[in-house]
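What follows is a short report on a single structure.
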Amino acid sequence: MASPMAAAHWHDHVELNLLTGGGMTYFFDGRQEHVEAGRLVLFWAAIPHQTIAVTDVAPLICIYLPLTDFLALPIDPSSRQAIMQGAFLRGGEGCAAGLGLVETWLADWQSRSEVRRQLVQEEIKLAVRRLILDQADRSIATDRVGPPVSQAVGHVQRLTEVINARFGEPLTLSALSAFAGVHPATANRAFREVLGLSVMDYLARVRLARAMQQLVETDAAILAIALDSGFGSLSRFYDVFKDRVGVTPRQFRLATRA
């Protein structure tokens with residue numbers, strides 16, 4: 001059952017939600033996103049998100065797709081990049097992953113049959129691909145299908161694991177590549193192929209997500225948040241935050257509390 005969250009949170013999955021009744025509103029990436037019953041939604045959960053309003057009865061089904069599995073999907077690179085940079089996708093009323101199918105997924109998963117669980121995983125991946133294709137008339141381009149990127153995905157997986165563990169430290173592309181055992185040029189090439197952005201752009205996104213979460217959840221000084229998130233200085237934090245969010249960290253904090 002959906003319920004308002006006391007604070008924003010984030011985790012390194014691509015999240016799918018399906019309300020079987022009622023409605024709810026997310027505060028996501030500095031904006032409000034309304035979710036209606038019967039419509040599958042998808043977003044990258046590493047971006048801080050919080051349910052801020054929920055109707056009286058709102059049964060919710062949540063599915064967490066590991067980032068590695070999402071990166072391996074043969075989807076248009078620009079679509080993948082848009083999702084990683086904050087797109088919030090909604091399916092239509094007749095989306096493929098309707099309530100009946102999702103209930104079947106739940107039953108199959110609870111059966112503990114490995115064959116059925118594998119089938120559920122494959123059907124979820126197909127539902128994600130269809131949801132992305134169904135956005136063709138919206139802002140995400142979907143007219144190209146990316147090539148298989150299994151080797152590149154392996155590089156990206158190792159690098160994202162390092163970034164998620166060390167984002168608060170002073171980091172360079174060379175240092176990140178060394179931790180992951182990948183040549184810097186190979187690291188950037190893999191990131192651009194899979195995510196459509198550089199390694200350092202991804203690092204900035206993770207740091208920004210951490211900072212946004214703390215601005216919403218805590219009363220910590222903005223300088224402390226900047227340093228904890230890995231920005232190194234208050235001026236650098238303000239520059240990146242204003243450029244990507246459109247407001248200063250202080251304005252963002254005040255807006256979320258209003």
Side-chain angles (χ1 to χ4, degrees), residues 10-20 23-26 28-29 31-47 49 60-109 116-157 160 189-197 201-202 205:
W10 64 308
H11 47 92
D12 199 17
H13 298 85
V14 171
E15 183 169 339
L16 293 92
N17 291 170
L18 182 67
L19 281 171
T20 62
M24 65 181 184
T25 301
Y26 269 117
F28 176 80
D29 201 22
R31 64 186 187 272
Q32 293 187 29
E33 297 283 0
H34 184 64
V35 180
E36 301 175 359
R39 295 195 177 193
L40 189 69
V41 300
L42 177 149
F43 57 89
W44 187 38
I47 297 173
H49 52 285
L60 174 65
I61 297 170
C62 294
I63 299 170
Y64 302 108
L65 182 65
L67 181 60
T68 305
D69 289 342
F70 173 74
L71 297 179
L73 294 178
I75 59 176
D76 170 54
S78 62
S79 298
R80 184 186 296 112
Q81 180 180 1
I83 292 166
M84 301 300 288
Q85 294 184 351
F88 193 94
L89 276 61
R90 296 176 179 81
E93 293 183 61
C95 67
L99 177 57
L101 180 56
V102 173
E103 288 179 338
T104 299
W105 290 346
L106 289 172
D108 285 348
W109 195 262
R116 289 187 177 276
R117 285 190 169 190
Q118 184 178 4
L119 184 61
V120 169
Q121 292 171 344
E122 295 303 319
E123 288 180 344
I124 288 174
K125 292 174 185 178
L126 288 172
V128 169
R129 291 177 61 190
R130 182 174 293 278
L131 176 60
I132 292 171
L133 285 172
D134 286 345
Q135 307 302 306
D137 59 344
R138 303 185 184 182
S139 59
I140 295 182
T142 57
D143 55 348
R144 302 188 313 278
V145 174
V149 290
S150 56
Q151 185 176 21
V153 166
H155 296 325
V156 171
Q157 180 183 7
T160 54
R189 185 166 58 250
F191 256 74
R192 292 190 183 281
E193 179 181 344
V194 176
L195 299 182
L197 68 164
D201 283 340
Y202 180 88
R205 165 61 70 176

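For the numbers below, each heavy atom of this structure counts, side chains included, while hydrogens, waters and symmetry mates do not.
- Across every non-hydrogen atom of Trp44 and His13, the tightest pair is CD1-O, 3.3 Å.
- Counting only heavy atoms from C-beta outward, the side chains of Thr20 and Ile61 approach each other to under 4.5 Å.
- When the side-chain contact (heavy atoms from CB on, under 4.5 Å) test is applied to Glu15, the partners found at least two apart in sequence or on another chain are His11, Asn17, Tyr26, Phe43, Ala45, His49, Cys62, Tyr64.
- The line from CE of Met24 to CG of Leu19 is 4.5 Å long, rounded to the nearest 0.5 Å.
- Atom-to-atom distance recorded for Leu16:CG and Ile124:CD1 is 7.5 Å, nearest 0.5 angstrom.
- With respect to Leu42, the side-chain contact (heavy atoms from CB on, under 4.5 Å) criterion is satisfied by exactly one of Leu65, Ile83, Ile63: Ile83.
- Scored by the side-chain hydrogen bond (donor to acceptor under 3.5 Å, both in side chains) test, Gln118 finds no partners at all (sequence neighbours excluded).
- Evaluation of the side-chain hydrogen bond (donor to acceptor under 3.5 Å, both in side chains) rule for Arg116 yields Asp108 as partners, not counting sequence neighbours.
- The two residues Gly38 and Leu18 make their nearest non-hydrogen contact at C-CD1, 3.7 Å.
- Interatomic distance, Leu131 CG to Arg39 CZ, rounded to the nearest 0.5 Å: 11.5 Å.
- Between Pro74 and Arg129, the closest heavy-atom pair is CG-CZ, 3.6 Å.
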Practice item. Step by step, work out the salt bridge (charged side-chain N to carboxylate O under 4.0 Å, His left out) result for Arg90 and Glu36. Key: CA-CA 9 Å; Arg90 296 176 179 81; Glu36 301 175 359; over 6 Å; no

Review point. Can you check side chain to side chain contact (heavy atoms under 4.5 Å, CB included) on Trp105 and Gln121, steps first, answer last?
Key: CA-CA 9 Å; Trp105 290 346; Gln121 292 171 344; over 6 Å; no

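- Applying the side-chain hydrogen bond (donor to acceptor under 3.5 Å, both in side chains) rule to Thr25 yields the partners His34; only residues at least two apart in sequence or on another chain are considered.
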